[in-house]
Number of protein chains: 2
Amino acid sequence: MAGKGPTSRDVAKRAGVSQATVSFVLNNIADARISEATKEKVWQAVRELDYHPNAAAQSLRRRAAGVIGFVIPDSRNPHFWQIAQGAEKRAAEAGYNVLLTSTDLEFARERLALESLKRQRVDALILQINFPGKLLPEVEGLRARGHPIIRIGRFSPELDGVVPDYGAGCTRLMAHLVSLGHHRIGFVFGTTSRGSVQTEVELGRGRLEAYQRAIAEYSLDGDTELLQHCGPLPEEAYEATRRLLALQPLPTAIISINDFLAIAVCKAVADTGLRIPHDISVAGFDDIPMARYLSPALTTVRAEAERLGGMAVEMVLARLKDASLPPQHVVLPTSLVVRTSTGVASVGTSMEANLAGSRLS
Amino acid sequence: MAGKGPTSRDVAKRAGVSQATVSFVLNNIADARISEATKEKVWQAVRELDYHPNAAAQSLRRRAAGVIGFVIPDSRNPHFWQIAQGAEKRAAEAGYNVLLTSTDLEFARERLALESLKRQRVDALILQINFPGKLLPEVEGLRARGHPIIRIGRFSPELDGVVPDYGAGCTRLMAHLVSLGHHRIGFVFGTTSRGSVQTEVELGRGRLEAYQRAIAEYSLDGDTELLQHCGPLPEEAYEATRRLLALQPLPTAIISINDFLAIAVCKAVADTGLRIPHDISVAGFDDIPMARYLSPALTTVRAEAERLGGMAVEMVLARLKDASLPPQHVVLPTSLVVRTSTGVASVGTSMEANLAGSRLS
DNA sequence: GATAGTAACTGATACGTATTAGCAACCCCT
DNA sequence: AGGGGTTGCTAATACGTATCAGTTACTATC
């Protein structure tokens, strides 16, 4: 059992040098001229003792933990994991660890992540804020104290941020659907998190606006019931879809705020006895890894999740290097991925199907 | 910018007490009798300064980081996130953070996790070892040094471990399929990780043995080609399924080593123009959260992922409390969840369909 | 042959906390 | 009145590292 492990002093003793020298060698400090022979002696001792520097001591001394905090809102949605993967990969290249936390849409856990920052367990935070009303002031206070904070999914004027261009993607998706003859398009808008309904309308706004713009531009059916708000859980999306499928006339296509919920949308459609895409087309956003393996394969707006995560880390690194930078806002492109869940509008349910058929994108 | 934050000494100064007193109050040390009045003064100062103890200093002093490392093999498989969620939840209750890492089946990243342990960035490690040949000796060395290490998914004699009883689950699944008249059952065995084919046959062995036992017991078709080995990626499972679907006669049911790959299995079946469960039944293992939302909803052997993660943390805590405990091996029960992806064996492809029809479980 | 300069190191210190040892003041007994 | 116990605190130290400010032992210079 002994002590937990050898220290740099143990290495020094074994190599017959001072502890300072060991530190110089390990960190490869150019200023301190150390002879090759000595370096070799030190490395030799390191190997013999299987020495590994104590992370806590280094953090304390360096005033930096080498850890980036990454907070995702929902551990069930594969999209966020992919973003986290991208972050972790880029972070590893830069020698950082990632402390990943999911808040699962609980306010208390979101605040907990900020604690980690204040306790300097992490040097920076990448997060998607779900409770901006309650948390934004606190977050901006932290930023003002000099902690790098990158917001994902939506911009704040004061914070660095990276956001996929879902608006443009949604526009392209709507054009695609219109070109297939769809005229009556439902939207399962699963964004309202529990508790804070009002503030949350901000989330997904780009998509919502693009949807409404398309309805106006192509003169599509604009029934307000075609837009179904719901929460972020599959069961809620399922219920929202049921409501859409109770409408008369039936929508010929349904888009979902993300692929994860689109799975539940498809389920609701299938359970109603309708076939995708023959009776109803379904599309989502994100292009989660399994989207292509669903049956039918899901048409979606790809968000390049890994790049998103990598970019967020990139922005952390930039800010760690120069804290005085003005807030950086990065928009990542999206692309429409057409698979088999979207098809020509069913004639049975939509009369004016090919009205806008000439409009291709 | 100033310094990064107030220290306990700043708090002491403001409250007009010594730094030691601050530490006593914050940690609620019963031995040190501190008057209520003083306690209040300290808490007041803490609030006024928004003081948060420095995690690195605490780790250094306490010789414990308050962090448990959790290593998952594949960030794409939702099952692992769910395990991690369970771990994080239980860890939070005990005041621990979880440092989550995915190796994505890369050897180097698996070793990196061990580094974290050696550097005492984490106090303990929970992992699913994918490269036992190369890594097991190292891992056992660490355990011998007194680091709690919990292995998930398979037991080592020397290591604590927690494993879902997939074998029993598989037995029940086979009984279920037999009761539906299935006689020719394929198995997509997606476990062979890249590089180390030989050693990996260990993984999933419980399921494999139960499968073979059932074949013997019920006198099912035992063609060796019904067992298709493949890697852990959806595309590989897809190909393996294609191979199964090229067999003559066709299997009437296919089981997949896990739900995640079962999605690709379903896709391959659908792409071949066969319907589930009408033409072919499909079942998986784990019961990932989206399994019930797939179309058709997936029949599966539930593994209680969250409990698994929680249990692993529990074992970490137990070992941190008493390092001299003998190795603990915990088997978690599994249960068969019948949904709509399994049904009566198609008569067209299987002649002896209802031979074993009386055998229900 | 004294001075300056450099290469190659070492000693000492601080990072912020937890904890041990100790000290002053008070109270209670006899 | 003086010893022993208790209450309520403080001073000092160590955790393991990075780094600043020396300190040798040499070599080069005039």
Side-chain angles (χ1 to χ4, degrees), chain A residues 2-43 45-46 49-67 95 116 118-121 123, chain B residues 2-43 45-46 49-67 95 116 118-121 123:
Chain A
K4 271 296 178 160
T7 72
S8 61
R9 213 159 245 117
D10 297 330
V11 174
K13 196 169 294 175
R14 179 157 197 123
V17 299
S18 74
Q19 180 268 331
T21 300
V22 172
S23 178
F24 288 140
V25 172
L26 289 175
N27 296 357
N28 207 14
I29 303 293
D31 288 5
R33 298 291 322 168
I34 308 285
S35 70
E36 286 305 320
T38 304
K39 281 185 185 173
E40 190 37 55
K41 270 193 301 182
V42 169
W43 283 117
V46 164
L49 295 173
D50 191 26
Y51 165 78
H52 292 260
N54 180 299
Q58 286 186 319
S59 296
L60 181 58
R61 179 61 231 230
R62 291 182 169 149
R63 306 173 138 272
V67 179
S116 278
K118 291 186 192 163
R119 303 190 50 175
Q120 301 173 55
R121 190 184 282 292
D123 301 328
Chain B
K4 272 295 177 155
T7 72
S8 61
R9 215 160 243 117
D10 297 330
V11 173
K13 196 169 294 174
R14 177 157 199 125
V17 299
S18 74
Q19 180 267 332
T21 302
V22 173
S23 178
F24 287 140
V25 172
L26 289 175
N27 295 351
N28 206 16
I29 303 294
D31 288 5
R33 297 290 325 167
I34 308 283
S35 70
E36 285 306 320
T38 304
K39 279 185 185 172
E40 190 39 54
K41 270 194 301 180
V42 170
W43 282 116
V46 164
L49 294 174
D50 191 26
Y51 165 78
H52 293 259
N54 180 298
Q58 286 187 319
S59 297
L60 181 58
R61 181 61 234 234
R62 291 180 169 152
R63 307 171 137 273
V67 179
S116 275
K118 290 186 192 164
R119 302 191 50 177
Q120 302 173 53
R121 186 185 285 292
D123 300 329

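Each chain gets a letter, A, B and so on, in the order the sequences are listed, and its residues count up from 1. Note that this is a predicted model, so its numbers are computed, not measured.
For DNA chain C, the span of nucleotides reached by chain B at under 4.0 Å from its heavy atoms goes, 5' to 3', from C:dG16 to C:dT20.
Within the 4.0 Å cut-off from OP1 or OP2 of D:dA18, at least one side-chain nitrogen or oxygen of A:Asn27 is found.
For the atom pair CD of B:Gln58 and CZ of A:Arg121, the computed distance is 8.0 Å after rounding to the nearest 0.5 Å. The CZ atom of A:Arg62 sits 11.0 Å away from atom CG of A:Asp123, with the distance rounded to the nearest 0.5 Å. The CZ atom of B:Arg63 sits 8.5 Å away from atom CG of A:Asn54, with the distance rounded to the nearest 0.5 Å.
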Listed pairs under 3.5 Å, donor-acceptor, residues 22-35 of chain B side chains, sequence neighbours left out:
| unit_1 | atom_1 | unit_2 | atom_2 | d |
| --- | --- | --- | --- | --- |
| B:Ser35 | OG | B:Thr38 | N | 3.2 |
| B:Ser35 | OG | B:Thr38 | OG1 | 2.9 |

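The side chain to side chain donor-acceptor pair (under 3.5 Å) check on B:Gln120 picks up nothing, with sequence neighbours excluded. The side chain to side chain donor-acceptor pair (under 3.5 Å) check on A:Thr21 picks up A:Ser18, with sequence neighbours excluded. The side chain to side chain donor-acceptor pair (under 3.5 Å) test applied to A:Ser8 returns A:Gln19, not counting sequence neighbours. With sequence neighbours left out, A:Lys39 forms a salt bridge (Lys or Arg N to Asp or Glu O under 4.0 Å) with A:Glu36. Among residues two or more places apart in sequence or in another chain, the salt bridge (Lys or Arg N to Asp or Glu O under 4.0 Å) test is passed with B:Arg14 by B:Glu48.
Taking the screw axis at each terminus of the helix from C:dG1-D:dC30 to C:dT30-D:dA1 from five consecutive base pairs, the angle between the two is 60° to within rounding of 10 degrees.
For A:Ser59 against A:Ala65, the heavy-atom pair with the smallest separation is OG-CA, 3.5 Å.
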For nucleotides 5-9 of chain D, give me every protein contact, N/O to N/O, under 3.5 Å, one pair per line with atom names.
| unit_1 | atom_1 | unit_2 | atom_2 | d |
| --- | --- | --- | --- | --- |
| D:dC9 | OP1 | B:Thr38 | OG1 | 2.5 |
| D:dC9 | OP2 | B:Ser35 | N | 2.6 |
| D:dC9 | OP2 | B:Ser35 | OG | 3.0 |
| D:dC9 | OP2 | B:Thr38 | OG1 | 3.1 |

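Applying the salt bridge (Lys or Arg N to Asp or Glu O under 4.0 Å) definition to pairs two or more places apart or across chains, those involving residues 50-61 of chain B are A:Lys118-B:Asp50, A:Arg145-B:Asp50.
Here the C1' atom of nucleotide D:dT19 and the CG atom of A:Asp31 are 11 Å apart, to the nearest Å. In this structure, the CD1 atom of B:Ile29 is 16 Å from the P atom of D:dT10, given to the nearest Å. For the pair B:Arg61 CZ and D:dA12 P, the computed distance is 16 Å after rounding to whole Å.
Scanning atom types as modelled, one donor and one acceptor separated by under 3.5 angstrom connect the side chain of A:Gln19 and the base of D:dA18.
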